[in-house]
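Notes to accompany the following structure.
Atom set for the values below is all heavy atoms of this structure, side chains included, hydrogens, waters and symmetry mates excluded.
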Amino acid sequence: MPPLKKSKKGKRKSKDSSKLKVARTRSVPPPLPPELRGLDTEWWYTFLHKHAESGQVIPSDEGKAFRHFFRTSRKTFDYICSIVREDLISRPPSGLINIEGRLLSVEKQVAIAMRRLASGDSQVSVGAAFGVGQSTVSQVTWRFIESMEERARYHLAWPGQERIEEIKATLEAVYGLPNCCGAVDATHIIMTLPAVESSEDWCDPAKNYSMFLQGIVDDEMRFIDIVTGWPGSMTFSRLMKCSGFFKLCEAGNRLNGPVKVSAENAEIREYIAGDSCYPLLPWLMTPYEGKNLSAPMLNFNARQKAARLLGTNALTRLKGSWRILHKVMWRPDKNKLPSIILVCCLLHNILIDCKDELLLTVELPNHHDIGYSEENCEQVEPNGKAMRENITAHLQSYESPKLLR
């Protein structure tokens with residue numbers, strides 16, 4: 001079954017955001033500098049007081065409280081507002097008013113949308129926290145997603161060769177893997193479907209209705225390529241083969257940078273690391289399988305696993321930060337769901353690009369795909385097997401204290 005197609009939209013550059021100092025008190029916010037007096041901060045103190053009065057346990061530090069609810073620092077939040085501001089101002093839909101009859105500010109619209117994505121709570125619950133109705137939450141969230149999808153796409157793109165060289169240097173320094181450009185993993189986004197839409201196409205091996213998300217990440221767990229929209233009933237290897245990334249690699253248009261020559265005079269091309277659920281290809285290295293593996297094979301597996309966990313940890317962080325992807329979605333529009341997934345990945349990358357740190361309480365305690373058994377793809381391409389042997393031989397003389405920590 002082909003993925004759900006969407007129309008392509010052009011990219012536009014966003015303007016830099018301004019800095020905003022967060023008050024250390026929960027009473028009256030301090031006066032803003034003249035250049036920032038157009039920004040709305042009242043919504044935040046109203047929102048914070050409402051949650052404090054409800055008895056919820058929230059961080060006492062205001063900056064941490066903001067990150068608890070919206071995942072970002074206030075500075076990064078203002079940057080995100082600057083990306084979507086033009087759209088939210090120039091195309092205001094009718095009915096976007098709060099219970100006091102005032103038009104919602106851009107800041108409050110962004111806060112509503114980000115709280116919906118971050119918490120995964122129902123539209124009714126999110127609306128009650130902001131003093132708006134369910135329909136307003138729905139409109140605001142979708143307008144935010146549309147704007148981010150169009151204007152923030154530059155935060156998720158395949159790196160240029162200079163950045164690729166940096167990624168390869170880091171991964172070799174940490175894991176000893178030469179010419180490795182990143183890691184790949186995939187996860188299921190679980191949903192319920194109306195009876196009329198329920199079909200075996202969307203029923204995955206765990207008997208859930210789900211949509212797949214495959215992500216390729218760099219050394220900082222930043223998504224540099226994703227594919228979504230495909231049913232969760234597919235295998236990991238089939239999902240990979242249906243992706244545009246696979247077609248680019250097979251055509252020699254991706255992972256086609258300089259070849260490295262090992263001490264044994266063997267060629268090692270660019271590649272990514274993946275689990276045994278993926279096929280072994282010249283540009284996709286998977287671990288050795290079976291019992292009684294040799295010491296060099298076990299050494300390769302240990303280093304390859306440490307590198308590929310970048311993909312696993314990125315998806316775990318993604319679902320922990322944006323809980324709408326972790327919770328079971330109630331009858332989502334399957335035509336819109338890929339856009340929601342994409343924007344969550346964009347927000348994940350923006351946090352990394354802006355050097356924001358997540359609160360420990362936000363991260364998931366377990367794997368991102370609990371309840372799914374491991375898949376094993378037995379496809380082994382001869383050139384992929386030869387590449388893995390070249391890397392294995394290269395690693396015999398390599399030692400990395402960082403890997404043993």
Side-chain angles (χ1 to χ4, degrees), residues 156-185 214-227 236-237 240-241 243-289 293-311 314 377 379-400 402-403:
L156 199 165
W158 188 257
Q161 194 58 40
E162 182 178 353
R163 172 61 184 144
I164 285 289
E165 294 302 325
E166 293 176 356
I167 296 170
K168 293 192 296 185
T170 300
L171 294 181
E172 183 167 14
V174 177
Y175 308 113
L177 296 175
N179 248 10
C180 182
C181 297
V184 62
D185 199 359
Q214 175 185 280
I216 298 170
V217 304
D218 65 11
D219 58 311
E220 297 181 304
M221 294 193 289
R222 178 188 290 104
F223 291 106
I224 54 179
D225 185 280
I226 68 166
V227 60
F236 283 70
S237 60
M240 170 61 78
K241 292 176 182 178
S243 68
F245 181 81
F246 178 90
K247 297 176 177 62
L248 287 170
C249 291
E250 289 293 290
N253 297 321
R254 186 141 295 176
L255 297 177
N256 58 347
V259 173
K260 186 163 187 174
V261 179
S262 70
E264 295 76 20
N265 205 34
E267 291 189 348
I268 299 175
R269 61 164 293 170
E270 291 183 340
Y271 61 92
I272 58 174
D275 206 348
S276 55
C277 57
Y278 290 105
L280 177 61
L281 306 170
W283 49 268
L284 176 50
M285 292 293 101
T286 60
Y288 289 99
E289 294 293 315
L293 297 179
S294 66
M297 290 177 175
L298 293 173
N299 182 40
F300 171 88
N301 278 4
R303 299 179 187 281
Q304 192 269 357
K305 179 179 180 180
R308 77 168 187 260
L309 281 177
L310 288 169
C377 179
Q379 179 184 348
V380 176
E381 282 199 6
N383 289 340
K385 182 179 180 181
M387 258 283 294
R388 187 168 65 180
E389 291 172 352
N390 291 343
I391 299 172
T392 302
H394 170 82
L395 291 175
Q396 289 188 61
S397 59
Y398 185 90
E399 292 184 3
S400 175
K402 293 181 180 181
L403 184 65

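Atom CZ in F246 sits 9.5 Å away from atom OG in S237 (nearest 0.5 Å). Atom CE of M240 and atom SG of C277 lie 9.0 Å apart (nearest 0.5 Å). The distance from atom CD1 of I167 to atom CD1 of I224, rounded to the nearest 0.5 Å, is 5.0 Å. Separation of atoms CG (L293) and CG (N299) is listed at 12.0 Å; rounding is to 0.5 Å. Distance CZ/F300 to CD/E389: 10.5 Å, rounded to 0.5 Å. The CZ atom of R269 sits 11.0 Å away from the CD atom of E267 when rounded to the nearest 0.5 Å.
Counting only heavy atoms from C-beta outward, the side chains of D275 and V184 never approach each other to under 4.5 Å. No side-chain heavy atom of C180 sits less than 4.5 Å from a side-chain heavy atom of Q304. In this structure, I164 and W158 have side chains that are in contact, with non-hydrogen atoms separated by less than 4.5 Å. Put simply, the side chain of K385 reaches to within 4.5 Å of the side chain of L280, judged on heavy atoms. For the pair I391/P178, a side-chain contact is recorded, criterion being any heavy-atom separation below 4.5 Å from C-beta on. Within the 4.5 Å cutoff, no side-chain heavy atoms of P279 are placed close to those of F236. Here the side chains of L255 and C181 are in contact, with some heavy-atom distance below 4.5 Å. A heavy-atom distance below 4.5 Å is found between the side chains of L171 and L310.
Side chain of R388 to backbone of T286: a donor-acceptor contact under 3.5 angstrom is found. The main-chain N or O of Y288 is found under 3.5 Å from a side-chain atom of N301 such that the two form a donor-acceptor pair. Side chain of N179 to backbone of I268: a donor-acceptor contact under 3.5 angstrom is found. Here the side chain of Y278 pairs no donor or acceptor atom with the backbone of M285 at under 3.5 angstrom. Listed for the Q396 side chain is no donor-acceptor partner under 3.5 Å among the backbone atoms of P296.
The two atoms that bring P282 and Y271 nearest to each other are O-CB, 4.2 Å, heavy atoms only. Closest approach of H394 and S262 over heavy atoms only: ND1-CB, 3.9 Å. The two residues P287 and R308 come nearest to each other via the heavy atoms CG-NH1, 3.8 Å. The heavy-atom pair separating E270 from P258 by the smallest distance is OE2-CD, 4.0 Å. Of all non-hydrogen atoms in L177 and A307, the two that sit nearest each other are CD1-CB, 3.6 Å.
Between E250 and K247, no side-chain nitrogen of the basic residue sits less than 4.0 Å from a carboxylate oxygen of the acidic one, so the salt-bridge criterion is not met.
For N265, the CG atom counts as loosely surrounded, since its 6.0 Å shell holds 12 or fewer non-hydrogen atoms of other residues, nucleotides or ligands. Around CD of Q161, the count of heavy atoms belonging to other residues, nucleotides or ligands within 6.0 Å exceeds 12. More than 12 heavy atoms of other shown residues, nucleotides or ligands fall within 6.0 angstrom of atom CD in E166.
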| task | Decide side chain to side chain contact (heavy atoms under 4.5 Å, CB included) for L281 and N383; before the verdict, give the C-alpha distance in whole Å, the side-chain angles of both, and the deciding distance to 0.1 Å. | result | CA-CA 7 Å; L281 306 170; N383 289 340; over 6 Å; no
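Cation-pi geometry between R254 and F245 is not satisfied (NZ or CZ under 6.0 Å from the ring centre, within 45° of the ring normal).
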